[in-house]
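I have placed the structure first, in the form of structure tokens, so that the comments after it can refer back to it.
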Amino acid sequence: MSIDDHPPQDDALQDFEARMYTLDGIAKRVLVAGAGPAVIVMAEMPGISPHVARFARWVRDAGFTVYIPSLFGTDGAFPQAEEGLAIMRRACVSAEFHALAGKGASPVTAWLRALARQSLDECGGAGVGAIGMCFTGNFALSMMLEPVMLAPVLAQPSLPLDDPAGVESSATELAAVRERLERDDLTVLAYRFEGDRHCRAERFAAYQSALGPRFIARVLPDAAANPEPPPFFKHVVGSPHSVLTAHLIDAAGEPTIEARDEVLAFLRRRLAEA
């Protein structure tokens, strides 16, 4: 039996509008839905899966306009193991992403900051929120260099892949982000599972050291993770990992649902009530 012998449940994403945005001379597909202040949801590996779309719908239904940029993978595809691993390998050698230590923030974050500016123009309000996950986890932090960004959430930030205690941002970028957090009285909300092999305690400690008390860390017990995630997460990721998506248990009282609700409240506090 193949490790991908799991009933696929693709998401047609029919309740999202697919738009092309050309920013800084680079065109990307973005799925958009909802009304209200803008929130950019950046998918984890291997792309905009049904679980990522489910989370985006929760954000939309909480009173926001959600923007999901298509950065890798096949939009709406159920995360199979072999194809997901191939997508991850391609992303690791792409010029848009810096998967390894010592290279600084991924170049795609400049495009994402431009998307934040564009989304504010379209939606209005006091500012924009951003949620990064796994491969894109740190992107929400790098986006804080853009003044319109007010609500960054880092879900299991996993880059760099080769240094558990490393962070993708350079020392200069981290210093600039910390100065902005302190000047504008903002915070960064971050999540990981205790036994996550890809976002370990050393990384959160590094963020805490760099950003101080403005970095609000939430560490969930491994027992709170969905024990039967899709094949990519079961066979490739191989540990509790995706707090808001594939490892979330959608039931009242579950720690992952409480984390989701905390994220939504954070967005309301920073954006809807600003």
Discussion item. Treating Ser70 as the side-chain partner and Ile68 as the backbone partner, does any N or O pair qualify as donor plus acceptor under 3.5 Å?
Written reply: no
Practice prompt. Let me see the working for Leu85 and Arg89 under side-chain contact (heavy atoms from CB on, under 4.5 Å), right down to the final yes or no.
Written response: CA-CA 6 Å; Leu85 184 57; Arg89 286 170 173 163; 3.5 Å; yes
Worksheet entry | Side-chain heavy atoms of Cys123 within contact of Pro37, under 4.5 Å | no
Worksheet item: With a 4.5 Å heavy-atom cut-off, do Ile257 and Asp250 have their side chains touching?
Response: yes
Practice prompt. Spell out, as yes or no, whether a donor-acceptor pair under 3.5 Å connects the side chain of Arg214 to the backbone of Val177.
Written response: no
Worksheet item: Can you find a side-chain donor-acceptor pair between Glu44 and Thr136 that sits under 3.5 Å?
Response: no
Worksheet item: How many angstroms lie between atom CG of Asp11 and atom CZ of Phe78, to the nearest 0.5 angstrom?
Response: 12.0 Å
Worksheet item: Should we count CD of Gln14 as having more than 12 external heavy atoms under 6.0 Å?
Response: no
Worksheet, complete the sentence: Heavy atoms of Asp222 and Gly195 approach each other most closely as OD1-N, 2.6 Å
Item to complete: Identify the two heavy atoms, one from Leu271 and one from Gly129, that lie closest to each other, and give their separation to 0.1 Å.
Response: CD1-N, 3.5 Å
Under 3.5 Å, which donor-acceptor pairs link side chains of residues 105-114 to any protein atom two or more places apart or in another chain?
unit_1: Ser106; atom_1: OG; unit_2: His98; atom_2: N; d: 2.8
unit_1: Ser106; atom_1: OG; unit_2: Glu168; atom_2: OE2; d: 2.4
unit_1: Thr109; atom_1: OG1; unit_2: Ser106; atom_2: O; d: 2.7
unit_1: Trp111; atom_1: NE1; unit_2: Ile26; atom_2: O; d: 2.9
unit_1: Arg113; atom_1: NH1; unit_2: Ser142; atom_2: O; d: 3.4

Worksheet item: Thinking salt bridges, do Arg90 and Glu83 make one under a 4.0 Å N-O criterion?
Response: yes
Worksheet item: Tell me, do Phe215 and Thr187 make a side-chain contact under 4.5 Å, heavy atoms counted?
Response: no
Practice prompt. Return yes if some donor-acceptor pair links the side-chain N/O of Ser242 with the main-chain N/O of Leu244 below 3.5 Å, else return no.
Written response: no
Fill in: Pair Arg60 + Asp15: basic N to acidic O under 4.0 Å
yes
Item to complete: Assess the side chains of Tyr191 and Glu262: does a donor N or O sit below 3.5 Å from an acceptor N or O?
Response: yes
Fill in: Which atom of Pro229 lies closest to which atom of Ala246, heavy atoms considered
CB-O, 3.8 Å
Worksheet entry | Donor-acceptor contact present, side-chain Arg270 to main-chain Gly127, <3.5 Å | no
Practice prompt. Output, in order, the C-alpha distance, side-chain angles, deciding distance and verdict of side-chain contact (heavy atoms from CB on, under 4.5 Å) for Val32 and Phe16.
Written response: CA-CA 5 Å; Val32 184; Phe16 293 89; over 6 Å; no
Discussion item. Any side-chain to backbone donor/acceptor pair from Ser49 onto Val52? Under 3.5 Å, distance only.
Written reply: yes
Worksheet entry | Inter-residue atom distance Gln156.CD - Met133.CE, 0.5 Å rounding | 7.5 Å
Item to complete: Spell out, as yes or no, whether a donor-acceptor pair under 3.5 Å connects the side chain of Glu146 to the backbone of Arg117.
Response: no
Worksheet item: Are Val188 and Pro152 close enough that some pair of their side-chain heavy atoms sits under 4.5 Å apart?
Response: yes
Discussion item. Just verifying a value: how many Å separate Ile87 CD1 and Leu71 CG, rounded to the nearest 0.5 Å?
Written reply: 12.5 Å
Worksheet item: How about Leu31 and Ile48: do any of their side-chain heavy atoms sit closer than 4.5 Å?
Response: yes
Fill in: Nearest heavy atoms of Leu145 and Ala176, plus distance in Å
CD2-CB, 3.8 Å
Item to complete: Would you verify whether the NZ or CZ of Arg192 falls within 45 degrees of the ring axis of Phe204 while also being under 6.0 Å from that six-membered ring's centre?
Response: yes
Worksheet item: When you look at Val263 and Phe55, which way does the side-chain contact (heavy atoms from CB on, under 4.5 Å) test go after all the steps?
Response: CA-CA 11 Å; Val263 169; Phe55 175 75; 4.2 Å; yes
Discussion item. Given 3.5 Å as the limit, does a donor-acceptor pair link the side chain of Asn138 with the main chain of Pro157, or not?
Written reply: no
Worksheet item: For His51 and Pro230, which heavy atoms make the closest approach, and how far apart are they?
Response: CE1-CG, 3.6 Å
Discussion item. I'd like to check the ring pair (Phe, Tyr, Trp, His ring centres under 6.0 Å) partners of His198; sequence neighbours left out, ordered by chain and number.
Written reply: His241
Worksheet item: Under 3.5 Å, is there a donor-acceptor pair between the side chain of Arg54 and the main chain of Thr245?
Response: yes
Worksheet item: Under 4.5 Å between any side-chain heavy atoms of Leu115 and Ile40, yes or no?
Response: yes
Item to complete: Go through the steps to decide whether Arg260 and Leu248 satisfy the test side-chain contact (heavy atoms from CB on, under 4.5 Å), and finish with yes or no.
Response: CA-CA 9 Å; Arg260 178 206 66 181; Leu248 179 144; 4.2 Å; yes
Worksheet item: Do the side chain of Asp184 and the main chain of Leu186 share a donor and acceptor less than 3.5 angstrom apart?
Response: no
Discussion item. Could you check whether any side-chain heavy atom of Gln80 comes within less than 4.5 Å of a side-chain heavy atom of Phe232, counting everything from C-beta outward?
Written reply: no
Worksheet item: Under the salt bridge (Lys or Arg N to Asp or Glu O under 4.0 Å) criterion, do Glu258 and Arg218 qualify, and how do the steps go?
Response: CA-CA 11 Å; Glu258 292 173 357; Arg218 302 284 190 247; over 6 Å; no
Worksheet item: Any link between Phe97 and Leu161 through a network of hydrophobic side chains (Ile, Leu, Val, Met, Phe, Trp, Tyr) touching at under 4.5 Å?
Response: yes
Fill in: Pairwise distance CE(Met149) to CG(Leu120) - rounded to 0.5 angstrom
11.0 Å
Response to the item:
For Phe72 and Ala43 the tightest heavy-atom approach is CZ-O, 3.4 Å
Discussion item. How long is the straight-line distance from CZ of Phe64 back to OG of Ser119, given to the nearest 0.5 Å?
Written reply: 12.5 Å
Response to the item:
Value for CZ (Arg180) from CG (Leu211), rounded to nearest 0.5 Å, stands at 13.0 Å
Item to complete: Indicate yes or no: at least one non-hydrogen side-chain atom of Ile131 is less than 4.5 angstrom from one of Met42.
Response: no
Discussion item. Taking Ile249's backbone N and O only, do any of them form a donor-acceptor pair with Thr256's side chain (distance below 3.5 Å, no angle check)?
Written reply: yes
Discussion item. Looking at Arg19 and Glu17, is any side-chain nitrogen of the basic one under 4.0 Å from a carboxylate oxygen of the acidic one?
Written reply: yes
